[in-house]
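Report on one structure; see the data block that follows.
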Amino acid sequence: MPKAGRGALLFIFILVLIDSIGFGIILPVLPRLIMQLTGVGIDRAARYGGGLAFVYALMQFFCAPVLGNLSDALGRRSVLLYAVLSLGVDYLIMGFAPTIGWLFLGRTIAGAAGASFTPAYAYVADITEPGRRAQNFGLMSAAFGLGFILGPAIGGLLGSFGPRAPFFAAGALALANFAFGCFALPESLPLEKRRPFHWARANPLGTLNQMRQYPVVLLTLAALFLWQIAHQVLPSTWAFYTIAKFHWTSAQVGASLAFVGLLMALSQGVLTRVLIPWLGGDRRAAVIGMGAALLAYVGYALATQGWMMYAVGLTTFFFALTYPSMNALASQQIPANAQGELQGAVASLYSLSSIIGPPLLTQIFSRFSDPAGAVYFPGAAFLAAAALTVGCALLFVRAMRLTPQPLAAPNPAAASEV
């Protein structure tokens, strides 16, 4: 890679890192900022939190394919610089927000700008020879994982200076990266390789529609969708739940989220290649992961002391195996020339789960954490996630019973399970 390309790759790495940090950095302080702006209790604040997550995810769902297609038409550089500048402005808006409406405006901007991972990956493909793309894509995935660990930890620590401090820090980081990008980011897509922008090609539901020709895969994707909705209980209600039940500070919330994120990163990034063969292949690993998730959700719901959240969190080592195992099993039923389409469908389902899950689960938390309500049980959202996991398991078992021989030969260990 040329020297300029190395600087550009560093910019992209920092951009992806800031995107993922920005998602997690606000989680520890968001409940208290909402309560500060609205004057409501923790139960009603959760409803606002669900609404903010909904707006963010909705904008990402629609803007990811738009930004990707715009980068094909206008070039990567202008779209990426727009995205990182918008993120910086968004964090400052949220930091100075005088009312809850300004928070919603900020999350709208963040959702649109945070969809920058689409042109970011396209940029990496442009500047990397085919034989090294997997390595650099892995670097981008590492940035995502690192951000999800650092974000809550940084947000919790900065939260000791007030609920607005993390927003100013994230804004300064994004604007500094914008300034760096103005000098270090050359255009990667020459004019002769660009194509006109067409709205019809920027359709986030198109890949999902294509999966109808693979009935077993469609059933597996339905199971994966329930799994992803259930998983939304962690980012959407964790901070509200632990503050309401254990009276945790922002630093304690951030530390706990960083702990769970670290366990997930270790499991998926390091232990997956060891644990899945040891457990007997993708199918058994997925089922064991679902069982671990069921245990985790019920354990979180019933925990009576804060340390129990950490103890239950250790199930993440097996919990985290489910998503890659189900994805791998689905890919075994898809021909080689449709693998990208499958991953696009998986990404679309994740976006849809991020739209549906947070409002649903925070409403449940709000309903059952109201001290004046008929039933007081703040862990109800985790029990709802457990129920969704049971539904996921039933659909998955059904899909596996119908699974034909894979179109592409899997590894020997996985083949013995299929």
Side-chain angles (χ1 to χ4, degrees), residues 20-61 90-91 93-95 97-111 114 148 151-152 155-156 158-159 162-167 170 228-254 256-257 260-261 300-301 309 351 353-371 373 377-382 384-385:
S20 56
I21 285 177
F23 177 80
I25 200 172
I26 71 171
L27 294 179
V29 297
L30 188 60
R32 288 186 170 87
L33 182 57
I34 292 173
M35 289 189 287
Q36 182 184 98
L37 292 175
T38 62
V40 301
I42 191 71
D43 56 313
R44 291 187 60 194
R47 298 187 182 186
Y48 286 108
L52 290 167
F54 168 80
V55 167
Y56 179 86
L58 187 68
M59 292 302 296
Q60 278 213 328
F61 179 66
D90 156 63
Y91 290 130
I93 288 175
M94 296 186 73
T99 65
I100 191 68
W102 284 89
L103 283 188
F104 277 94
L105 173 62
R107 284 286 83 183
T108 300
I109 296 173
F148 283 125
L158 292 178
R164 298 175 185 266
F167 296 97
Q228 290 170 331
I229 292 178
H231 189 67
Q232 292 297 324
V233 76
L234 297 176
S236 65
T237 71
W238 183 278
F240 295 97
Y241 176 68
T242 53
I243 290 172
K245 192 166 186 177
F246 307 117
H247 308 290
W248 279 2
T249 64
S250 296
Q252 288 174 307
V253 173
S256 65
L257 285 168
V260 173
Y300 289 141
M309 301 296 282
S351 296
S353 74
S354 300
I355 294 170
I356 296 170
L360 170 66
L361 295 164
T362 53
Q363 286 287 329
I364 293 172
F365 169 80
S366 179
R367 169 67 179 80
F368 287 95
S369 62
D370 182 356
F377 185 68
F382 286 104

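What you see is a predicted model, and the numbers here were worked out from it, not measured in a lab.
Of all non-hydrogen atoms in P28 and G254, the two that sit nearest each other are CG-CA, 3.6 Å. Closest approach of V40 to A45, counting heavy atoms only: CG2-N, 3.7 Å. The nearest pair of heavy atoms linking I109 to D90 is CG2-CB, 3.8 Å. Pairing each heavy atom of G159 with each of S250, the nearest pair is CA-CB, 4.3 Å. Nearest heavy-atom pair across V233 and A385 is CG1-CB, 3.9 Å. In this structure, A301 and G379 approach most closely via the heavy-atom pair CB-O, 3.4 Å.
Here the side chains of I34 and L52 are in contact, with some heavy-atom distance below 4.5 Å. For the pair M309/W248, a side-chain contact is recorded, criterion being any heavy-atom separation below 4.5 Å from C-beta on. F54 is not listed as a side-chain neighbour of P358, based on a closest heavy-atom distance of 4.5 Å or more. With contacts defined as side-chain heavy-atom distances shorter than 4.5 Å, the pair L27/V253 does not qualify.
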Q) Would Y300 and Y241 count as a ring-ring contact (aromatic ring centres under 6.0 Å, His included) if you check the C-alpha gap in whole Å, the side-chain angles of each, and the deciding distance to 0.1 Å? A) CA-CA 10 Å; Y300 289 141; Y241 176 68; 8.1 Å; no
Q: Any chance you could lay out the side-chain contact (heavy atoms from CB on, under 4.5 Å) test for T237 and F382, step after step, and finish with the verdict?
A: CA-CA 9 Å; T237 71; F382 286 104; 4.1 Å; yes
Q. Is there a side-chain contact (heavy atoms from CB on, under 4.5 Å) between R107 and M94 once you walk through the steps?
A. CA-CA 8 Å; R107 284 286 83 183; M94 296 186 73; 3.7 Å; yes
Q) So Q232 and I356, side-chain contact (heavy atoms from CB on, under 4.5 Å) or not? Walk me through it. A) CA-CA 9 Å; Q232 292 297 324; I356 296 170; over 6 Å; no
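Atom CG of L30 sits about 7.0 Å away from atom CG of L103, to the nearest 0.5 Å. The NE2 atom of H231 lies 9.0 Å from the OG atom of S353; values are rounded to the nearest 0.5 Å. Note: D370 CG to D43 CG = 4.5 Å, rounded to the nearest 0.5 Å. Expressed to the nearest 0.5 Å, how far CD1 of I243 lies from OG of S369 amounts to 11.5 Å. Atoms OG1 and OH, from T362 and Y48 in turn, are 12.5 Å apart once rounded to the nearest 0.5 Å.
When the side-chain hydrogen bond (donor to acceptor under 3.5 Å, both in side chains) test is applied to R47, the partners found at least two apart in sequence or on another chain are S366. For R164, the side-chain contact (heavy atoms from CB on, under 4.5 Å) criterion is met by L33, Q36, L37, A97, F168, not counting sequence neighbours. The side-chain hydrogen bond (donor to acceptor under 3.5 Å, both in side chains) search around S256 returns W238, not counting sequence neighbours. Partners of A380 under the side-chain contact (heavy atoms from CB on, under 4.5 Å) rule, at least two apart in sequence or in another chain, are I364, F368, F377. Applying the ring pair (Phe, Tyr, Trp, His ring centres under 6.0 Å) test to F104 and every residue at least two apart in sequence or in another chain returns nothing. Not a single side-chain hydrogen bond (donor to acceptor under 3.5 Å, both in side chains) links T242 to another residue, sequence neighbours left out.
Remark: the backbone N or O of T249 is paired with a side-chain donor or acceptor of Q252 at under 3.5 angstrom.
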